[in-house]
A.B. asks: 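Please find one structure pasted underneath; my questions will follow.
A quick note: this is a predicted structure, and the numbers were derived from the prediction, not measured. Quick note: numbers below take in every heavy atom, side chains included, and nothing from hydrogens, waters or symmetry partners. Letters A, B, ... are given to chains in the order of the sequence lines, protein chains preceding strands, and every chain is numbered from 1.
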Protein chains: 2
Amino acid sequence: MSLDTAAVKPMERLSAALAQDMDQVNLLIRDRMASEHAPRIPEISAHLIEAGGKRLRPMLTLAAARMCGYEGPHHVHLAATVEFIHTATLLHDDVVDESNKRRGRPTANLLWDNKSSVLVGDYLFARSFQLMIETGSLRVLDILANASATIAEGEVLQLTAAQSLKTDEAIYLKIVRGKTAALFSAATEVGGVIAGAPEEHVTALFTYGDALGIAFQIVDDLLDYGGATADTGKNIGDDFRERKLTLPVIKAVAKADANERAFWVRVIEKGKQDEGDLEHALELLAKHDAMASARADAMEWVTKAKDALAPLPPSDLRDLLIDLADYVVSRIS
Amino acid sequence: MSLDTAAVKPMERLSAALAQDMDQVNLLIRDRMASEHAPRIPEISAHLIEAGGKRLRPMLTLAAARMCGYEGPHHVHLAATVEFIHTATLLHDDVVDESNKRRGRPTANLLWDNKSSVLVGDYLFARSFQLMIETGSLRVLDILANASATIAEGEVLQLTAAQSLKTDEAIYLKIVRGKTAALFSAATEVGGVIAGAPEEHVTALFTYGDALGIAFQIVDDLLDYGGATADTGKNIGDDFRERKLTLPVIKAVAKADANERAFWVRVIEKGKQDEGDLEHALELLAKHDAMASARADAMEWVTKAKDALAPLPPSDLRDLLIDLADYVVSRIS
């Protein structure tokens, strides 16, 4: 399937194909984010969960389970689990990044406070474990507990490494595997596991999720320095202002001469940013073909993701996941 | 056993009785708080875990399992799990309370930053789930996941309820069950469950942990308004300054006349505190016998805790847990 066809919103086609399952997931989410004693919990959870998030991660779980012929009820629990873990990490991320906007709306830490965001995140994280336990599968529990640890580790690594020019592409990949790809790959892997799929298929699903997650994050990093095909609603330069060393910058730093290096030290390591610095950064990215090179990396991960699905039997859902991978990079020019 | 005998440090006797098991727990904790990629994680975890915490909660798990004749290896995993959950909640609590001191040392949020405390807490929480999964017991997982949800719910409830004079003793009990007793009762219960103890004994252990945790928290609240038998190293009035409506104050508010009520509204609900207000609060607590009444409540919970152990076969560890309950209230005059 070509890029053009894939660009016809594969998210929406996936959503339509999994509509019945997703209705169940949404019911379960609403049920489990309730709290008998603390009404602030569902208030904050609903603010985030019902804000029109794309439900990408739970859809990956549902699609993986259905592709492997699953007919039981527990893919719904796992999809809700994955969404709860994702929401918990968003709540904590917004505290850590001191963000004030998420999905075009004010963040919970702004509308309520940091305290509530931390504690409601903890609550959703605990709820996610309750949900996954209901599947009764120790292997599934293991995968999701490992993913949770990897996510937190990736976030801590980002905290300490992101503002250091020593951060190279290998460290970047570790951070990205933690903060983004770990939940993507766990989401697809548990879908295969709950369906009792053969090991070869489970591995294929894991590899797809991992590569898709990495491509997704590289694209996100690219969008932050412009390079979008259409208006994405993102502010250009957020990562720059937060002094996050993302892939395009890492590539430009690797090719920097002494003057350019001094510039990056000042704006990223020392955080002394003046007017015109973002424009200069964009010039340096262009000079060293950093955007194009990062884009090529993203394309490579998309190819890996699509190739990974080859061992799985052909099906509409498999085709949709392939289109989804193409769609992820279609957002960048 | 009388209060006087119990006051001869039952924590130390328990520690001696469980020394070999506790060595294993400490080894496991050190092993699992490591992080291949993010050295800040063990730095912060060690700051808190090796700061001379009393290891009360993991000892409860070890004691419960041994009392029920457990000979396997998994009580060590569960004890480490419980300590990790406790440490994760401390890291997040200090962010939420904006604390700068814990166990006589500067808090992690002060030495590093709030971000690190949030994320390392998340990491330890995920690690705790990995540890409990290694036991292979779905029932144990269920108990600890439920406890984790109850803890977070109790903390959110405290956030919204603690500064409102509408908070009565029933709401206080819900908060305390969440923030303190849920982990105590889960710690003892899982000890019994992993040992395969009969249901009657598991219930007894749960009830002991629940009542002990409630007594422990009431005593903590009392110490915050003075009333210690000896120097506890606590600052008097922290809860007052943080406008936390704890049991002594709830009791004084219930008996307040119009003038007194206006005082509580000003200092707790509105948070307008002047010099001399803490002293006036202490006078009101004395006037209404609030400290004595809270102390009587704590004694009642201690009695419940001790009585709960009756169905368990007599043993040295059972006696030590009984002494421990007495010791908890021996800290208050």
A.B. asks: Which bit of L141(B) is near chain A, if near means a heavy-atom gap under 4.5 Å: side chain, backbone, both or neither?
C.D. replies: both
A.B. asks: Of all of L159(A), I151(A), V118(A), which one pairs up most often with chain B through heavy atoms under 4.5 Å apart?
C.D. replies: L159(A)
A.B. asks: Hey, which of N146(A), V120(A), L119(A), T150(A) has the most heavy atom pairs under 4.5 Å with chain B?
C.D. replies: L119(A)
A.B. asks: Tell me, out of G178(B), A147(B), A152(B), who's got the most heavy-atom pairs with chain A below 4.5 Å.
C.D. replies: A152(B)
A.B. asks: For the CZ atom of F129(A) and the CG atom of L124(A), what is their distance to the nearest 0.5 Å?
C.D. replies: 13.0 Å
A.B. asks: Walk me through whether R30(A) and E83(A) qualify under salt bridge (Lys or Arg N to Asp or Glu O under 4.0 Å).
C.D. replies: CA-CA 12 Å; R30(A) 215 157 306 142; E83(A) 185 70 0; over 6 Å; no
A.B. asks: When only pairs under 4.5 Å are counted, which of E155(A), E134(A), R127(A), Q158(A) shares the most heavy-atom pairs with chain B?
C.D. replies: E155(A)
A.B. asks: For a quick test of reading the model, state the closest non-hydrogen atom pair linking G192(B) to V202(B) and the distance between them.
C.D. replies: C-CG2, 4.0 Å
A.B. asks: Measuring from L245(A):CG to D221(A):CG, what's the distance to the nearest 0.5 Å?
C.D. replies: 10.0 Å
A.B. asks: Measuring heavy-atom distances to chain B, does D122(A) have an atom under 4.5 Å in its side chain, in its backbone, in both, or in neither?
C.D. replies: both
A.B. asks: For S116(A) and D113(A), does a side-chain donor sit closer than 3.5 Å to a side-chain acceptor?
C.D. replies: yes
A.B. asks: I need the residue from Q130(B), R40(B), E153(B), H92(B) with the largest number of non-hydrogen atom pairs under 4.5 Å to chain A.
C.D. replies: E153(B)
A.B. asks: Would you give the length of the straight line joining atom CG of L90(A) to atom OG of S117(A), rounded to the nearest 0.5 angstrom?
C.D. replies: 10.5 Å
A.B. asks: Which one, I175(B), D142(B), I133(B), leads in non-hydrogen pairs under 4.5 Å with chain A?
C.D. replies: I133(B)
